[in-house]
Amino acid sequence: MSEYTSKNGLLFTNDMNTLVGIDTSSGEFNGLVPYGPKEIVDEAFAGTTVTSITLPDSIKELPDCLFENLTSLDSVKLPSSLQVLPPYLFSGCSKLTKVSMPSVVTEFPEGLFYGCSSLPEIPFRAGIQDIPENCCAGCTSIKSLVVPNTVAKIHSKAFAGCKSLETVVFPAHLYELSDDAFEGCDSIRNIRVDDGNNLFYVNEEDGCLYEKSIEGADKLRLKVTPAEKNVIEFYEDSLKDDSEVMIADSDDLEEDDIFSPEISANDEELTAMGAEAVAEETPTAPEPAPAPAEENINIKNNDVENTEENKMSDSNVDDMLADIMGEEKERIDSVTGVGIEADVAEESSASNNGAVSNEELANLFSSSEPDEPAGKDDLHINMSDRLAVDSKTKILLESVGFSKIELCEPAGEPPADSDLFVIAEKIITSDIGEHTFSDKLMTCVKKIARIHDFKRIILLYALPSDNEEFKQFYFHFINKRNVIFACEASSPATLSDYGKMICEQSRISLDSNELAEQRKRISIKNDMLIKLVIQDKYE
């Protein structure tokens, strides 16, 4: 009688309590370990080429190095009942990209993810207090790291050799950081420390991490790598020559112009946009934007228009590009819904000049509104699909003081989210009381829309920032959407209270390093969300 039992291509002891190894004669193992065994022997999976392994909840303990050097392994699901992880569990799993961790793990062991060069992020769990030696060393795909707030110590070479790591956020409780914890991390350009940490801080001048000392000079603990200057063609789809735009390194930005590196809009570009030649003198008052003959829709106090390109009277577009970065998701959980599903009631005629009243806002967020029949257009009008908006976008349009929808003609494949939201701190009002967004702002956002193949631009003014219910709605709504804030401020220090609130609610980072990083990325179409600040002087 055999001392082993074969099941699902695996060998177990006859009592099914211990997983011994792979049954090489059957070739049936597909990565799924059946429920039953309580233990697994060392090297039970040695030699397997499966890409995914799922362990049952019957297993309460794992041996050291269980998945070591399984170079085909892409994902692992650990038992939900597991509470202790062994050292070097995933060491050398060079293709590992996903680990489903137990809900309660209070300690990471030495070398846990050593050499996991494809792992995009560390699956931390709340309660971890130490990051031990070599825990995440050699994780060369990690770009952003947010150390859990419970972590107090980071030990030797914990993140050594993470060559792609650009952003590190340290927690309030950290009090011990090994000198070589980030050895060989040569791409770090952005360091942050929780405001509650009284020991470590980031020097505003050089962006490096320092430890306070009561005995003398503070100690440099972690350096940042200066960003290289990038020479790129900006708005290359509309430029007819080979002129280049120098994107300044963050170290070169002066405090008074951090929101306004100049990006030229030459005569050929303006001509291509349907603009008139640049006048020698800027008109003292802007001409109101002409209303289209058809499809001019009034929704409360919002103008939805499909117009020709606005005319420019200035050849320079001053803007500031500030990025919240895709990596911000490590710090803020993604929110997919806002819990406000009620549709907005049919609109009566309203003035285009007044702000939305508290009573109207209350109606917008009321949960007692009846559901609309299936298939009914969100705008309650007969028009093209590209102008139709979903119920949450309509709530946003209904809530603000003034808005406009500008349709675009993407030359390439639009992104998954093909809308660009633009929040303007100010607008231009003509002598007869008509509102418009500035020509400079329109030119800049249209350029960005062309580069990224957006289908439409949704411009908004006068968000009801004093309404807490709206702020909660907006915060969740804008989470996964492209958003630009246009203001007069030239730097974060000169932002108005309203501007600071909009940037916070829109998740627009005002960190100088992230601003510089966004300026590098905005000129080329990519998959990252746009989170910008643009200086608009409203001339």
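Remember, it's a predicted structure, so these values are computed and weren't measured experimentally.
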Checklist entry - Picking from V168, V202, T167, what satisfies side-chain contact (heavy atoms from CB on, under 4.5 Å) with N190? => result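 With N190 as partner, V168, V202, T167 yield a single side-chain contact (heavy atoms from CB on, under 4.5 Å), made by T167.
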
Item to check | Reference residue V422; test side-chain contact (heavy atoms from CB on, under 4.5 Å); the match among L532, I457, I448 | outcome: I457

[Y] versus [X], side-chain donor and acceptor atoms under 3.5 Å:
{"X": "S496", "Y": "E425", "result": "yes"}
{"X": "D186", "Y": "T225", "result": "no"}
{"X": "S118", "Y": "T97", "result": "no"}

So, does [X] use its side chain to make a donor-acceptor pair with the main chain of [Y] at under 3.5 Å?
{"X": "T150", "Y": "I128", "result": "yes"}
{"X": "N149", "Y": "A172", "result": "yes"}
{"X": "T393", "Y": "V389", "result": "no"}
{"X": "N482", "Y": "I530", "result": "yes"}
{"X": "N197", "Y": "P171", "result": "yes"}
{"X": "T429", "Y": "G433", "result": "no"}
{"X": "S418", "Y": "P415", "result": "no"}
{"X": "D453", "Y": "P410", "result": "no"}
{"X": "S164", "Y": "K143", "result": "no"}
{"X": "S94", "Y": "S117", "result": "no"}

Checklist entry - When the ring centroid of F470 is compared with that of F475, is the distance short of 6.0 Å? => result no

Checklist entry - Any salt bridge between K471 and E469, counting N to O under 4.0 Å? => result no

So do the side chains of [X] and [Y] get within less than 4.5 Å of each other, counting heavy atoms only?
{"X": "K404", "Y": "M442", "result": "yes"}
{"X": "V146", "Y": "F124", "result": "no"}
{"X": "F437", "Y": "I427", "result": "yes"}

Once rounded to the nearest 0.5 Å, what's the spacing between atom [atom1] of [X] and atom [atom2] of [Y]?
{"X": "S403", "Y": "L460", "atom1": "OG", "atom2": "CG", "result": "6.0 Å"}
{"X": "I395", "Y": "Y474", "atom1": "CD1", "atom2": "OH", "result": "15.0 Å"}
{"X": "D417", "Y": "K455", "atom1": "CG", "atom2": "NZ", "result": "11.0 Å"}
{"X": "M501", "Y": "F485", "atom1": "CE", "atom2": "CZ", "result": "8.0 Å"}
{"X": "L441", "Y": "D439", "atom1": "CG", "atom2": "CG", "result": "9.5 Å"}
{"X": "D74", "Y": "S52", "atom1": "CG", "atom2": "OG", "result": "7.5 Å"}

Check the surroundings of atom [atom1] in [X]: do more than 12 heavy atoms from other residues, nucleotides or ligands lie under 6.0 Å from it?
{"X": "K95", "atom1": "NZ", "result": "no"}
{"X": "K98", "atom1": "NZ", "result": "no"}
{"X": "K223", "atom1": "NZ", "result": "no"}

Next on the checklist: Can you tell me how the ring of F402 sits relative to the ring of H435, calling it parallel under 30°, perpendicular over 60° and tilted otherwise?
Outcome noted: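 If you compare the ring of F402 with that of H435, the planes turn out perpendicular.
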
Next on the checklist: Set out, in order, the CA-CA distance, both residues' side-chain angles and the distance that settles side chain to side chain contact (heavy atoms under 4.5 Å, CB included) for F421 and I484, then state yes or no.
Outcome noted: CA-CA 6 Å; F421 289 85; I484 289 174; over 6 Å; no

Checklist entry - Taking the six-membered ring of F454, is the NZ or CZ of R456 close enough (under 6.0 Å from the centre) and on axis enough (within 45°)? => result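 No, R456 and F454 do not form such a contact.
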
Checklist outcome for this item: Heavy atoms of L209 and F170 approach each other most closely as CD2-CE1, 3.6 Å

